[in-house]
Engineer: 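Below: one structure in structure tokens.
Values below: every heavy atom of this structure, side chains too, minus hydrogens, waters and symmetry copies. A, B, ... follow the sequence lines: proteins, then strands. Residue 1 opens every chain.
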There are 2 protein chains.
Amino acid sequence: MDFDQLADCHKALGDKTRLRILALLKEEDLCVGELVEILKMTQPAVSQHVRKLRQARLVRERRQGQWVFYSLDGRDYPFFLSFLRTLPDQQDEIQRLKAEGKKGVCD
Amino acid sequence: MDFDQLADCHKALGDKTRLRILALLKEEDLCVGELVEILKMTQPAVSQHVRKLRQARLVRERRQGQWVFYSLDGRDYPFFLSFLRTLPDQQDEIQRLKAEGKKGVCD
DNA sequence: AAACAATATAAGAATATGCTTATATATCGG
DNA sequence: CCGATATATAAGCATATTCTTATATTGTTT
């Protein structure tokens, strides 16, 4: 793999918020609104982060009605699975979202 | 591993020059002057890059006389070996250095 | 000790990044 | 088609990054 693509990939990974997003997507696919809810950030900020992840081919997007769901991709990167294992568990965050009745609203 | 340390690690990896340095160190330990020679960059620029790698605990330094040799570390990161495998081979660069008689000067 | 060699650090300038607010686009339901 | 909802993009500002040049530090050699 060439240095430019690899550097872009790691630039995308070099941000705490984007790492949290990946850790969340490891649990399950989420739409932007759900990420906004969990991360407590503005919607544009979240959109800009997922865009970077998509440009680095670390996530894929899938439109479903008026929502856009993001899911892990990373198939370009042989180290991706190994990397994912180092991410802290975010099950709690997902649980909290569900407890507050804000998961499953998107469909 | 916590998000802050992981983000710092990937920030350090998110630069083409630093990736090249790691790819070179994968071949063998090198001192700053050798890196300067191969990378065709100024000495302070190279020093600043290796410092970032060291702060992220991706390389270790070892003083040997008036030279400082750098070598791969990364033992904090379970994905490190897997990551290293994605780096382009730099054997040619090392060969070129030796061919020009600029390797082995440091000792 | 003085001169030299290798490396590190500091300060400043140019560019990149990440946020905010405002606005545009896309889809759904009536 | 229209209003509402979800998401994306744009512009501007604050901070971070990376280079350059100048200088400091560390170790060697005479």
Engineer: Just the rounded figure in Å: distance from C1' of D:dA4 to CH2 of A:Trp67.
Structural biologist: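 Going from A:Trp67 (CH2) to D:dA4 (C1'), I get 12 Å.
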Engineer: Given D:dT18, D:dA8, C:dT9, which nucleotide is nearest the side-chain atoms of B:Arg51?
Structural biologist: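 Closest of the options to the side chain of B:Arg51: C:dT9.
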Engineer: Looking only at side-chain atoms of B:Val68, point me to the closest of C:dT7, D:dT21, D:dA6.
Structural biologist: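 Shortest atom-to-atom distance from the side chain points to C:dT7.
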Engineer: If you measure from CD on B:Glu61 to SG on B:Cys31, what distance do you get to the nearest 0.5 Å?
Structural biologist: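 If I round to the nearest 0.5 Å, the distance is 12.5 Å.
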Engineer: Would you indicate what B:Lys16 reaches in the nucleic acid, counting non-hydrogen atoms under 4.0 angstrom: base, sugar-phosphate, or nothing?
Structural biologist: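 Contact class for B:Lys16: none.
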Engineer: Quick check on D:dT17: is either OP1 or OP2 less than 4.0 Å from any side-chain nitrogen or oxygen of A:Lys11?
Structural biologist: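 Checking A:Lys11 against D:dT17: no side-chain N or O falls below 4.0 Å of OP1 or OP2.
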Engineer: Should the heavy atoms of other residues, nucleotides or ligands under 6.0 Å from CZ of A:Arg60 be counted, would the total exceed 12?
Structural biologist: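 Atom CZ in A:Arg60 is not crowded, with 12 or fewer foreign heavy atoms closer than 6.0 Å.
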Engineer: Could one point to a donor on the side chain of B:Gln43 or the base of D:dT20 with an acceptor on the other under 3.5 Å away?
Structural biologist: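 Side chain to base: no pair present.
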Engineer: Could you work out which one of C:dG18, D:dT26, C:dA22 sits closest to the side chain of B:Arg63?
Structural biologist: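 Of the options given, the side chain of B:Arg63 lies nearest D:dT26.
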Engineer: By the 4.0 Å heavy-atom rule, please label A:Cys106 as base, sugar-phosphate, or nothing.
Structural biologist: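 Answer is nothing: A:Cys106 stays at 4.0 Å or more from every strand.
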Engineer: Would you kindly compare B:Glu34 and B:Gln48 by the position of their nearest DNA chain C nucleotide and give the one closer to the 5′ end?
Structural biologist: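 This one resolves to B:Glu34.
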Engineer: Please determine, for the side chain of A:Val32, which listed nucleotide (D:dA6, C:dA8, D:dA8) has the closest atom?
Structural biologist: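 Closest of the options to the side chain of A:Val32: D:dA8.
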Engineer: Return the value, rounded to whole Å, for the distance between atom CG of B:Leu39 and atom P of D:dT18.
Structural biologist: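 Spelled out: CG on B:Leu39 to P on D:dT18 is 14 Å.
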Engineer: Looking at every strand, decide which applies to A:Arg18 at a 4.0 Å heavy-atom threshold: base, sugar-phosphate, or nothing.
Structural biologist: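 If one applies the 4.0 Å heavy-atom cut-off, A:Arg18 turns out to touch the sugar-phosphate alone, with no base involved.
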Engineer: So, A:Gln5 versus A:Asp76: side-chain donor-acceptor pair below 3.5 Å or not?
Structural biologist: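 Side-chain D/A pair, A:Gln5 to A:Asp76: present.
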Engineer: B:Gln55 CD to C:dT9 C1': how many Å, rounded?
Structural biologist: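 About 12 Å, once rounded to whole Å.
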Engineer: Would you say a side-chain N or O of A:Thr42 is under 4.0 Å from OP1 or OP2 of C:dT20?
Structural biologist: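 It does, given that an N or O in the side chain of A:Thr42 lies less than 4.0 Å from OP1 or OP2 of C:dT20.
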Engineer: Indicate yes or no for a side-chain donor-acceptor contact from B:Lys26 to the backbone of B:Leu84 under 3.5 Å, with no hydrogens or angles considered.
Structural biologist: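 Checking the backbone N and O of B:Leu84 against the side chain of B:Lys26, a donor-acceptor pair under 3.5 Å is found.
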Engineer: Check whether any side-chain nitrogen or oxygen of B:Tyr70 sits under 4.0 Å from OP1 or OP2 of C:dA8, and answer yes or no.
Structural biologist: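 Answer yes for this pair, as a side-chain N or O of B:Tyr70 is under 4.0 Å from OP1 or OP2.
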Engineer: Report the distance from atom CZ of A:Phe83 to atom CG of B:Leu6, rounding to the nearest 0.5 Å.
Structural biologist: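 These two atoms lie 6.5 Å from each other.
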Engineer: Figure out the CG/P separation between B:Leu30 and C:dA6, and round it to whole Å.
Structural biologist: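 Going from B:Leu30 (CG) to C:dA6 (P), I get 15 Å.
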Engineer: Roughly, in whole Å, what's the span from CZ in B:Arg62 to P in D:dG27?
Structural biologist: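 Value for this atom pair: 16 Å.
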Engineer: Under 4.0 Å between a side-chain N or O of B:His49 and OP1 or OP2 of D:dC19?
Structural biologist: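 True: B:His49 side-chain N/O within range (under 4.0 Å) of D:dC19 OP1/OP2.
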Engineer: Choosing from D:dT18, D:dA10, D:dA6, which nucleotide comes nearest the side chain of A:Gln66?
Structural biologist: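 Taking heavy atoms from C-beta onward, the closest nucleotide is D:dA6.
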Engineer: Taking for each residue the nucleotide of DNA chain D with the nearest heavy atom, is it B:Met41 or A:Arg54 whose nucleotide lies nearer the 5' end?
Structural biologist: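 On the 5' side of the pair lies A:Arg54.
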Engineer: Check every atom of C:dT7, C:dT27, C:dG18 against the side chain of A:Asp15 and return the nucleotide holding the closest atom.
Structural biologist: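 From the listed options, C:dG18 comes nearest.
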Engineer: From the list D:dA8, C:dA8, D:dT18, which nucleotide is the closest neighbour of the side chain of B:Val50?
Structural biologist: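 For B:Val50, the side-chain atoms sit closest to C:dA8.
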Engineer: Where the side chain of A:Arg63 meets the backbone of A:Gly65, is there a donor-acceptor pair that is under 3.5 Å apart?
Structural biologist: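 Checked: pair present.
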Engineer: Figure out the CG/C1' separation between A:Leu19 and C:dT17, and round it to whole Å.
Structural biologist: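 Rounded to the whole Å, the gap is 15 Å.
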Engineer: Measure the distance from CG on A:Asp4 to P on C:dA16 and round it to the nearest whole Å.
Structural biologist: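 Answer to the nearest Å: 14 Å.
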Engineer: How long is the line joining NZ of B:Lys52 and P of C:dA8, in whole Å?
Structural biologist: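 In whole Å, C:dA8 P lies 15 Å from B:Lys52 NZ.
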Engineer: What does B:Gln64 touch in the nucleic acid at a heavy-atom separation under 4.0 angstrom: a base, only the sugar-phosphate, or nothing?
Structural biologist: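 Contact class for B:Gln64: none.
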